[in-house]
Amino acid sequence: MKYWLFKSEPETWSWEMQKKKGAKGEPWSGVRNHTAKLNMVAMKKGDLGFFYHSGDEKAVVGFASVSRPAFPDPTADDDAWIAVELKAGKKLRRPVSLAEVKADPKLANILLVRNGRISVMSLTDSEFDQIVKLGS
DNA sequence: GCCAACGTTGGC
DNA sequence: GCCAACGTTGGC
């Protein structure tokens, strides 16, 4: 199983909005970045990830899982871009802030720190576990 | 195919 | 509001 982190401006699309979609899920679309796209291509149904809020919040807020693997992005003009479908999972008991992530040596290599701009990134098992630990 | 200029994103 | 990082575009 692979682990992922999805980043979004909560004003645009928040974890709470995702949560409201319930088991039906909601496409994670609009990605126009090749690195992020490659990550999305690699996703499998059932893969687990985190939902991160950028902007004012800057914290990991909850879990999300892939409910449908890559399909053509309905918001794109051409079929070069893809979307996946996400389902919100549990909320973290407490959000894990970017400052905490940065302060944790176990998370020093996470792309959230090294490349603040990518919207979909992969996490190693140990990075995933560490964030779970910080958030519980 | 290279590189400078520009736009966008996100943190501070 | 500013700046850094990165991606994209366009001229050559």
Side-chain angles (χ1 to χ4, degrees):
Chain A
M1 152 115 47
K2 296 222 174 203
Y3 298 107
W4 310 99
L5 186 143
F6 301 89
K7 186 162 67 183
S8 182
E9 281 267 6
E11 282 81 31
T12 311
W13 184 251
S14 69
W15 185 83
E16 286 77 13
M17 295 179 199
Q18 186 82 47
K19 183 83 184 171
K20 280 197 189 121
K21 294 290 174 176
K24 195 156 70 89
E26 175 76 9
W28 181 268
S29 58
V31 171
R32 299 293 182 268
N33 172 291
H34 291 285
T35 309
K37 180 194 159 177
L38 287 177
N39 284 333
M40 288 160 76
V41 169
M43 288 178 192
K44 296 203 175 65
K45 184 172 176 173
D47 277 358
L48 252 183
F50 289 116
F51 208 103
Y52 172 83
H53 283 168
S54 61
D56 289 342
E57 251 180 280
K58 291 190 286 295
V60 179
V61 290
F63 292 92
S65 62
V66 177
S67 52
R68 185 183 167 195
F71 57 94
D73 185 341
T75 69
D77 303 334
D78 57 69
D79 49 12
W81 299 109
I82 57 154
V84 295
E85 196 173 78
L86 286 190
K87 201 172 64 172
K90 279 192 303 184
K91 194 174 183 173
L92 286 177
R93 202 173 64 74
R94 47 176 225 90
V96 178
S97 71
L98 180 63
E100 285 176 275
V101 169
K102 283 188 167 172
D104 193 323
K106 289 189 184 123
L107 299 174
N109 286 323
I110 199 174
L111 276 174
L112 198 60
V113 177
R114 283 184 32 234
N115 176 3
R117 304 200 34 167
I118 190 160
S119 57
V120 181
M121 68 195 77
S122 65
L123 299 175
T124 66
D125 292 11
S126 56
E127 286 164 353
F128 182 87
D129 291 344
Q130 184 63 17
I131 295 173
V132 171
K133 203 196 278 179
L134 291 175
S136 54

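Proteins get letters first, then strands, A, B, ... in listed order; numbering begins at 1 in each.
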Round to the nearest Å and state the distance from [X] atom [atom1] to [N] atom [atom2].
| X | N | atom1 | atom2 | value |
| --- | --- | --- | --- | --- |
| A:Arg117 | B:dT9 | CZ | C1' | 4 Å |
| A:Asn33 | C:dT9 | CG | P | 12 Å |
| A:Phe6 | B:dT9 | CZ | P | 19 Å |
| A:His53 | B:dG10 | NE2 | P | 12 Å |
| A:Lys58 | B:dG11 | NZ | P | 6 Å |
| A:Leu111 | B:dG10 | CG | C1' | 15 Å |
| A:Lys7 | C:dC6 | NZ | P | 11 Å |

Discussion item. Under the criterion side-chain contact (heavy atoms from CB on, under 4.5 Å), I'd like the reasoning laid out for A:Val31 against A:Asp73: C-alpha separation, chi angles, the key distance, then a yes or no.
Written reply: CA-CA 8 Å; A:Val31 171; A:Asp73 185 341; 5.6 Å; no
Is it the case that the side chains of [Y] and [X] hold a donor-acceptor pair, with the cut-off being a distance below 3.5 Å and no angle test?
| X | Y | value |
| --- | --- | --- |
| A:Thr35 | A:Arg117 | no |
| A:Asp47 | A:Trp4 | yes |
| A:Glu85 | A:Trp28 | no |

Item to complete: Ignoring backbone atoms, establish whether A:Lys102 has a side-chain N or O less than 4.0 Å from OP1 or OP2 of B:dC12.
Response: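 So the side chain of A:Lys102 is within the cut-off, an N or O lying under 4.0 Å from OP1 or OP2 of B:dC12.
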Response to the item:
Picking from C:dT8, B:dG11, B:dT9, the nucleotide nearest the side-chain atoms of A:His34 would be C:dT8
Fill in: Minimum-distance nucleotide (side-chain atoms of A:Thr35 versus C:dT8, C:dA5, C:dG7)
C:dG7
